[in-house]
Amino acid sequence: MSKFKRTIMVTGGAGFIGSHLIRFFVKKYPDYKIVNVDKLTYAGNLENLTDIEKESNYEFVKADIVDAELMQKLFDEYKFDSVIHLAAESHVDRSITNPMEFIYTNIVGTANLLNAAKFHWKDNPEGKLFYHVSTDEVYGSLGETGFFLETTSYDPRSPYSASKASSDHLVRAYHHTFGLPIKISNCSNNYGSFQFPEKLIPLFIHNIKNNKPLPVYGKGENIRDWLWVNDHASAIDEIFHNGKMGETYNIGGHNEWTNIDLIKLLCKIMDEKLGRESGTSEKLISYVKDRAGHDLRYAIDSTKLQNDLGWKPSLQFEEGLRKTVGWYLDSSEWLNRVTSGAYQEYYEDQYEKR
Ligand code: NAD
Ligand code: DAU
């Protein structure tokens with residue numbers, strides 16, 4: 001008999017959102033055992049978890065979710081009663097240059113986990129839960145008005161979002177066909193510490209600091225709905241414990257920004273923090289070739305989560321962005337380490353030819 005009340009497999013726990021979620025759960029639930037299963041791709045970094053790695057309710061296992069046999073073995077060994085599944089290839093631009101990694105990890109990897117859970121829980125589904133962490137991008141692209149609801153039809157338009165949509169469908173299919181206990185959440189764009197600097201906010205902080213051009217895709221008019229990563233973690237906590245089995249919840253903070261407005265705000269904060277004359281960082285803005293198939297607008301309606309479970313975001317955006325900038329400026333060692341080696345090659349491939 002385990003001394004822990006629950007044993008949770010968290011996949012992708014060394015990544016951006018996964019590391020925040022693990023920190024949140026390890027600290028809040030000392031009676032839960034959290035097993036971080038991560039392949040440690042370029043996006044996974046155990047340094048994201050150094051503050052909690054020695055806690056007695058935390059363990060790391062290096063493993064690839066595409067390895068079906070290994071997933072079954074881990075279920076045998078740890079007797080997981082829950083999975084919180086975050087492991088994924090997550091960057092849209094990389095899915096345009098190399099879709100296959102997305103298909104293996106996001107679709108085949110999810111199917112392997114579903115099979116392992118189905119096999120191990122079939123005789124006793126009571127108290128079990130497969131929680132799938134997904135994205136608002138599965139709903140496609142909005143025009144100037146409207147919001148994504150849980151009932152919005154799926155219309156993914158990049159290899160990344162198509163692979164995530166596919167994994168959502170599989171999770172629901174295992175619930176309907178095999179009675180697997182599942183929950184799904186679809187969240188908007190996250191920002192905060194420990195995000196790999198290929199995504200807009202950390203990339204632009206890094207470039208401003210180093211006086212490098214800020215590559216704005218197209219006209220910078222695309223709109224994203226930004227949520228502080230810890231608020232995503234608190235929403236997952238709420239849904240994990242109190243959400244209804246088989247249901248989907250949208251997570252978002254009603255916080256829409258055009259890319260160019262966000263970038264200008266970021267430039268202003270960076271000028272202040274770096275003691276540069278106002279307007280200095282904006283001069284780095286450089287309009288480049290648009291992302292292929294670039295979705296115009298994402299905007300989440302999270303009324304269901306707010307009304308049914310009482311969740312709400314805790315942080316106002318400008319304050320969150322200031323905190324985030326502060327963290328990156330104080331964490332130059334982390335940033336230097338993750339941007340050395342393979343990152344340089346990626347950067348040249350992605351941007352030098354634009
Ligand atoms: P990330 O790229 O920062 O981290 C992904 C993690 O998964 C890394 O630690 C990586 O090593 C691991 N991983 C990748 N392939 C693996 C494999 N085959 N086996 C085991 N581990 C593997 O991603 P993120 O931004 O933290 O996103 C986490 C999840 O949340 C993803 O499922 C993503 O689709 C979803 N999501 C992200 C956002 C966002 O704004 N970042 C918003 C909504 C939903
Ligand atoms: O909406 C949730 C999704 O948000 C998650 O599912 C994804 O995993 C996550 O990566 C994010 O996807 P986006 O494509 O919206 O994020 P990204 O940071 O790559 O880009 C944000 C916006 O900024 C988008 O409109 C493209 C633009 N952009 C991005 C980069 C990297 C630029 O203009 N220049 C850039 O160099």
Side-chain angles (χ1 to χ4, degrees), residues 10-22 36-46 48-49 61-67 70-71 84-96 101-102 104-106 108-110 112-113 132-139 141 148 158 160-161 163-164 167-168 185-192 194-204 207 213-227 229 232 236 250-252 257-260 262-263 285-291 294-300 347 350-351 354:
V10 176
T11 69
F16 166 49
I17 301 170
S19 61
H20 283 279
L21 183 81
I22 285 191
N36 176 10
V37 174
D38 196 300
K39 179 184 171 183
L40 299 183
T41 66
Y42 76 93
N45 189 346
L46 288 179
N48 298 359
L49 289 161
V61 178
K62 185 170 189 301
D64 184 344
I65 61 168
V66 177
D67 185 339
L70 181 55
M71 291 306 108
I84 306 181
H85 175 37
L86 297 105
E89 287 293 335
S90 69
H91 190 36
V92 174
D93 290 326
R94 287 186 192 251
S95 83
I96 296 166
E101 277 308 308
F102 289 69
Y104 297 132
T105 289
N106 300 1
V108 178
T110 302
N112 287 339
L113 292 166
H132 180 56
V133 176
S134 194
T135 170
D136 59 359
E137 298 199 12
V138 298
Y139 297 122
S141 180
F148 295 136
S158 73
Y160 164 67
S161 53
S163 67
K164 290 296 291 187
S167 63
D168 293 12
S185 55
N186 296 81
C187 188
S188 62
N189 286 60
N190 286 213
Y191 71 96
F194 296 114
Q195 186 172 31
F196 193 79
E198 63 187 355
K199 307 277 168 69
L200 181 74
I201 291 179
L203 173 70
F204 278 35
N207 284 12
L214 304 177
V216 179
Y217 295 164
K219 295 186 179 145
E221 285 167 354
N222 304 67
I223 293 172
R224 296 292 181 266
D225 181 356
W226 294 92
L227 183 72
V229 62
H232 189 182
I236 293 175
N250 280 353
I251 309 173
W257 288 76
T258 60
N259 290 340
I260 195 64
L262 187 159
I263 291 160
I285 289 175
S286 155
Y287 292 91
V288 300
K289 189 166 161 238
D290 208 352
R291 172 184 278 174
H294 199 174
D295 287 339
L296 177 67
R297 174 172 167 255
Y298 305 144
I300 277 277
Y347 197 85
Q350 187 63 36
Y351 293 105
R354 273 193 128 94

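First listed ligand is number 1; within each ligand, the first listed atom is number 1.
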Legend entry - Ring geometry between Phe16 and His20 (parallel below 30°, tilted from 30 to 60°, perpendicular above 60°): perpendicular

Legend entry - Nearest neighbour in protein (non-hydrogen) for atom 18 (O) of ligand 2: Leu200 N, 2.8 Å

Legend entry - Top protein contact for atom 40 (O) of ligand 1, by heavy-atom distance: Asn190 N, 2.9 Å

Legend entry - Nearest neighbour of atom 32 (O) of ligand 1 from the list Lys164, Arg224, His132, on a heavy-atom basis: Lys164

Legend entry - atom 34 (N) of ligand 2: nearest protein contact (heavy atom, Å): Pro215 O, 2.8 Å

Legend entry - Nitrogen or oxygen atoms of Thr105 and ligand 1 under 3.5 Å apart: yes

Inset, instruction - Would you please determine whether Glu198 falls within less than 4.0 Å of ligand 2 on a heavy-atom basis? - result: yes

Inset, instruction - Ignoring angles and geometry beyond distance, decide whether Ser134 reaches within less than 3.5 Å of ligand 1 through its nitrogen or oxygen atoms. - result: no

Inset, instruction - Take Tyr139 and Asp295 through the side chain to side chain donor-acceptor pair (under 3.5 Å) test and state the conclusion after the steps. - result: CA-CA 10 Å; Tyr139 297 122; Asp295 287 339; over 6 Å; no

Inset, instruction - For Ala43 and Phe196, work out which heavy atoms get closest and say how close. - result: CA-CD1, 4.4 Å

Inset, instruction - Have a look at Ala88, Gly12, Ala87 and point out the one with the heavy atom closest to atom 5 (C) of ligand 1. - result: Ala88

Legend entry - Ser161: partners by side chain to side chain contact (heavy atoms under 4.5 Å, CB included), with sequence neighbours left out: Glu137, Pro156, Ser158

Inset, instruction - Quick one: look at Asn189 and ligand 2, take heavy-atom pairs under 4.0 Å, and tell me if it's side chain, backbone, both or neither. - result: both

Inset, instruction - Examine ligand 2 and decide if any of its atoms is less than 4.0 Å from a heavy atom belonging to His294. - result: yes

Inset, instruction - Kindly confirm or rule out an N or O of Ser188 lying under 3.5 angstrom from an N or O of ligand 2. - result: no

Legend entry - Which residue and heavy atom of the protein sit nearest atom 2 (O) of ligand 1, plus the separation: Ser90 OG, 2.7 Å

Inset, instruction - Pick whichever of Tyr347, Tyr160, Tyr217, Tyr287 has a heavy atom sitting closest to atom 6 (O) of ligand 2. - result: Tyr160

Inset, instruction - Identify the protein heavy atom lying closest to atom 41 (N) of ligand 1, giving its residue, its atom name and the separation to 0.1 Å. - result: Ile17 CD1, 3.6 Å

Legend entry - Residue, atom name and distance, where the atom is the protein heavy atom closest to atom 29 (C) of ligand 1: Leu86 O, 3.2 Å

Inset, instruction - Answer yes or no: does an N/O atom from Asp93 fall short of 3.5 Å to an N/O atom of ligand 2? - result: no

Inset, instruction - Among all protein heavy atoms, pick the one closest to atom 19 (O) of ligand 2 and tell me residue, atom and distance. - result: Arg291 NH2, 2.9 Å

Legend entry - Protein heavy atom at shortest distance from atom 4 (O) of ligand 1: Gly15 CA, 3.4 Å

Inset, instruction - Check whether any N or O atom of Ile65, backbone or side chain, sits under 3.5 Å from an N or O atom of ligand 1, and answer yes or no. - result: yes

Legend entry - Audit row: Tyr191, Arg224, side chain to side chain donor-acceptor pair (under 3.5 Å) steps and yes/no: CA-CA 11 Å; Tyr191 71 96; Arg224 296 292 181 266; over 6 Å; no

Inset, instruction - Among all protein heavy atoms, pick the one closest to atom 1 (O) of ligand 2 and tell me residue, atom and distance. - result: Asp136 OD1, 2.5 Å

Legend entry - atom 36 (O) of ligand 2 - nearest protein heavy atom and its distance: Tyr351 OH, 2.7 Å

Legend entry - Any Asn112 side-chain heavy atom under 4.5 Å of Ile65 side chain: no

Inset, instruction - Report yes if His232 has an N/O atom closer than 3.5 Å to an N/O atom of ligand 1; otherwise report no. - result: no

Inset, instruction - Would you please determine whether Thr11 falls within less than 4.0 Å of ligand 1 on a heavy-atom basis? - result: no

Inset, instruction - Before signing off on this row, confirm whether Lys39 and ligand 1 have an N or O atom pair separated by under 3.5 Å. - result: yes

Legend entry - Asp136 and ligand 1 - part of the residue with a heavy-atom distance under 4.0 Å: neither

Inset, instruction - For Ser188 and ligand 1, answer yes if some heavy atom of the residue is under 4.0 Å from a ligand atom, otherwise no. - result: yes

Legend entry - atom 34 (O) of ligand 1: nearest protein contact (heavy atom, Å): Tyr160 OH, 2.7 Å

Inset, instruction - For ligand 2, indicate whether the residue Glu137 contacts it via side chain, backbone, both or neither (heavy-atom separation under 4.0 Å). - result: side chain

Inset, instruction - Using distance alone, with no hydrogens and no angle criterion, decide if Thr110 and His132 have a side-chain donor and acceptor under 3.5 Å apart. - result: no

Legend entry - Listed partners of Tyr217 passing ring pair (Phe, Tyr, Trp, His ring centres under 6.0 Å), at least two apart: none

Legend entry - Protein heavy atom at shortest distance from atom 25 (O) of ligand 1: Phe16 CD2, 3.7 Å

Inset, instruction - Check whether any heavy atom of Gly13 sits under 4.0 Å from an atom of ligand 1. - result: no

Legend entry - ligand 2 versus Leu203: contacting region, heavy-atom distance under 4.0 Å: side chain

Inset, instruction - Name the closest protein heavy atom to atom 43 (C) of ligand 1, giving the residue it belongs to and the distance to 0.1 Å. - result: Cys187 O, 3.3 Å

Inset, instruction - Distance to 0.1 Å, residue and atom name: give those for the protein heavy atom nearest to atom 9 (C) of ligand 2. - result: Ser90 O, 4.0 Å

Inset, instruction - Could you tell me the residue and atom name of the protein heavy atom closest to atom 23 (O) of ligand 2, and the distance to it rounded to 0.1 Å? - result: Asn259 ND2, 3.4 Å

Inset, instruction - State, with a plain yes or no, whether a side-chain heavy atom of Tyr160 is found less than 4.5 Å away from one of Asn106. - result: yes

Inset, instruction - Looking only at distances, please establish whether an N/O atom of ligand 1 is found under 3.5 Å from an N/O atom of Thr135. - result: no

